[in-house]
K.L.:
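Before we start, here is the structure in question, set down as structure tokens.
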Amino acid sequence: MMWIGIILTLILTCSDCLYIHHVNTFQNLVQGEKGYRAAVALTAVLSKDTTVGSQGVVKYDTVLTNVGGAYVPSTEIFTAPYKGIYTISCSLMSQPSNAVHVQITKNGTKLSVLYSASSTYPQSGQTLHLLLKKADKIWIQNITGKTAEFHDRGQYNLFSGSLVTKL
């Protein structure tokens, strides 16, 4: 019976060590320590119906993930912390009262356009794989030419980005 107790103690101690190792490894990834791949991941959503002015940047009010701190909610901009290949995604749903056009913007240049028509609740989305330099900036901008009304309750309009590989 004593041997069973010793064996169980060893098993529990080993599993605790593995758990601590995994937590430390994840922290090292986030901190970008030498010898580890850097982690960058963003997911931000609109939690409520939102109005964005003409040519305005969409302010995603709920940040679900911001590993690496590349997204600054006060500026609504994702800034690449490293040169690398990134995946950037955006989804869009307008209010039935208006059509909405937004663009995925890099350093002031249009990369892609999303459109959501009026009269219904159509949704659109885009995913881009981009080679970004360190400090390149990505944001989502209303290009409708008038105020745009986004329909949401935390599930339809999102902006996400992640580092695939650092170069």
Side-chain angles (χ1 to χ4, degrees), residues 22-23 26-32 36-166:
H22 286 296
V23 169
F26 180 73
Q27 288 172 341
N28 292 339
L29 285 171
V30 172
Q31 295 168 0
Y36 293 93
R37 289 185 45 190
V40 178
L42 154 73
T43 299
V45 299
L46 296 177
S47 67
K48 60 188 179 293
D49 292 348
T50 302
T51 301
V52 178
S54 174
Q55 305 305 310
V57 176
V58 179
K59 182 172 174 133
Y60 296 89
D61 62 334
T62 301
V63 178
L64 303 177
T65 305
N66 193 12
V67 174
Y71 181 68
V72 179
S74 63
T75 64
E76 303 93 30
I77 294 174
F78 175 88
T79 302
Y82 311 102
K83 178 180 179 183
I85 298 171
Y86 290 79
T87 297
I88 302 293
S89 297
C90 177
S91 65
L92 167 67
M93 182 184 281
S94 64
Q95 287 286 10
S97 60
N98 74 150
V100 176
H101 283 90
V102 297
Q103 70 181 25
I104 300 174
T105 308
K106 174 186 162 191
N107 300 331
T109 302
K110 173 177 60 178
L111 295 179
S112 180
V113 174
L114 289 84
Y115 173 72
S116 182
S118 61
S119 303
T120 63
Y121 289 100
Q123 188 172 15
S124 66
Q126 294 269 335
T127 299
L128 306 175
H129 302 287
L130 302 171
L131 174 60
L132 299 179
K133 295 180 288 190
K134 181 177 181 173
D136 276 347
K137 298 184 180 320
I138 304 287
W139 64 89
I140 310 302
Q141 183 172 358
N142 172 21
I143 59 169
T144 305
K146 60 181 180 175
T147 298
E149 296 178 24
F150 294 76
H151 173 74
D152 216 313
R153 302 286 190 281
Q155 54 199 350
Y156 301 114
N157 293 282
L158 71 84
F159 175 29
S160 67
S162 63
L163 176 64
V164 175
T165 190
K166 190 175 166 185

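Keep in mind the model is a prediction, meaning the values are calculated, not measured.
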K.L.:
Relative to the ring of F159, is the ring of F78 parallel (under 30°), tilted (30 to 60°) or perpendicular (over 60°)?
P.N.:
perpendicular
K.L.:
Which atoms form the tightest heavy-atom contact between S112 and L128, and what is the distance?
P.N.:
CB-CD1, 4.0 Å
K.L.:
Could you tell me whether a side-chain N or O of S116 sits under 3.5 Å from a main-chain N or O of P122, the two making a donor and an acceptor?
P.N.:
yes
K.L.:
Which heavy atom of Y86 sits nearest a heavy atom of Y82, and at what distance?
P.N.:
OH-O, 2.8 Å
K.L.:
Say whether, by atom type as modelled, one donor and one acceptor occur between the side chain of S94 and the main chain of A117 under 3.5 angstrom.
P.N.:
yes
K.L.:
Decide yes or no for N142 and T147: does some side-chain heavy atom of the first lie under 4.5 Å from some side-chain heavy atom of the second?
P.N.:
no
K.L.:
Applying side-chain contact (heavy atoms from CB on, under 4.5 Å), run through I104 and I140 and close with a yes or a no.
P.N.:
CA-CA 5 Å; I104 300 174; I140 310 302; 3.7 Å; yes
K.L.:
Closer than 3.5 angstrom, by distance alone: can the side chain of N98 be matched with the main-chain N or O of S118 as a donor-acceptor pair?
P.N.:
no
K.L.:
Just by distance, with hydrogens left out, do T105 and Q103 show a side-chain donor and acceptor under 3.5 Å apart?
P.N.:
yes
K.L.:
Minimum heavy-atom separation for S47 to T62, with atom names?
P.N.:
CB-OG1, 3.4 Å
K.L.:
Quick one, V52 and V100 - any side-chain contact, counting heavy atoms below 4.5 Å?
P.N.:
no
K.L.:
Does S91 use its side chain to pair, donor to acceptor, with the backbone of L158 at less than 3.5 Å?
P.N.:
yes
K.L.:
If you round to the nearest 0.5 Å, how far is CD of E76 from NZ of K59?
P.N.:
5.5 Å
K.L.:
Show your reasoning for whether side-chain contact (heavy atoms from CB on, under 4.5 Å) applies to T75 and W139.
P.N.:
CA-CA 9 Å; T75 64; W139 64 89; over 6 Å; no
K.L.:
Contact between L130 and L111 at the side-chain level, heavy atoms closer than 4.5 Å - yes or no?
P.N.:
yes
K.L.:
Does any non-hydrogen side-chain atom of S160 lie less than 4.5 Å from one of Y60?
P.N.:
no
K.L.:
Grab the two heavy atoms, one from C90 and one from L114, that are nearest each other, plus how far apart they are.
P.N.:
O-CD2, 3.4 Å
K.L.:
About how many Å separate NE2 of H151 and OG1 of T50, when rounded to the nearest 0.5 Å?
P.N.:
11.0 Å
K.L.:
Hey, are the side chains of F150 and V102 touching, using non-hydrogen atoms and a 4.5 Å cut-off?
P.N.:
yes
K.L.:
Is it true that a side-chain atom of S124 and a backbone atom of Y115 form a donor plus acceptor pair closer than 3.5 Å?
P.N.:
yes
K.L.:
Grab the two heavy atoms, one from T144 and one from H101, that are nearest each other, plus how far apart they are.
P.N.:
OG1-N, 3.0 Å
K.L.:
Provide the full list of salt bridge (charged side-chain N to carboxylate O under 4.0 Å, His left out) pairs with a residue in residues 93-122, sequence neighbours left out, each pair given once.
P.N.:
K106-D136
K.L.:
With a 3.5 Å cut-off and no angle check, do the side chains of S89 and T127 form a donor-acceptor pair?
P.N.:
yes
K.L.:
How far apart are the C-alpha atoms of L132 and I138, what are their side-chain angles, what is the distance that settles it, and do they pass the side-chain contact (heavy atoms from CB on, under 4.5 Å) test?
P.N.:
CA-CA 10 Å; L132 299 179; I138 304 287; 4.1 Å; yes
K.L.:
If you look only at pairs with a residue in residues 60-69, which of them pass as a salt bridge (charged side-chain N to carboxylate O under 4.0 Å, His left out), with sequence neighbours excluded?
P.N.:
K48-D61
K.L.:
Between T79 (side chain only) and K137 (backbone N and O only), is there a donor and an acceptor less than 3.5 Å apart?
P.N.:
no
K.L.:
Given side-chain contact (heavy atoms from CB on, under 4.5 Å), test L42 with I88 step by step and report yes or no.
P.N.:
CA-CA 9 Å; L42 154 73; I88 302 293; over 6 Å; no
K.L.:
Of D152, T51, D49, which is the lone residue that meets side-chain hydrogen bond (donor to acceptor under 3.5 Å, both in side chains) with Q95?
P.N.:
D49
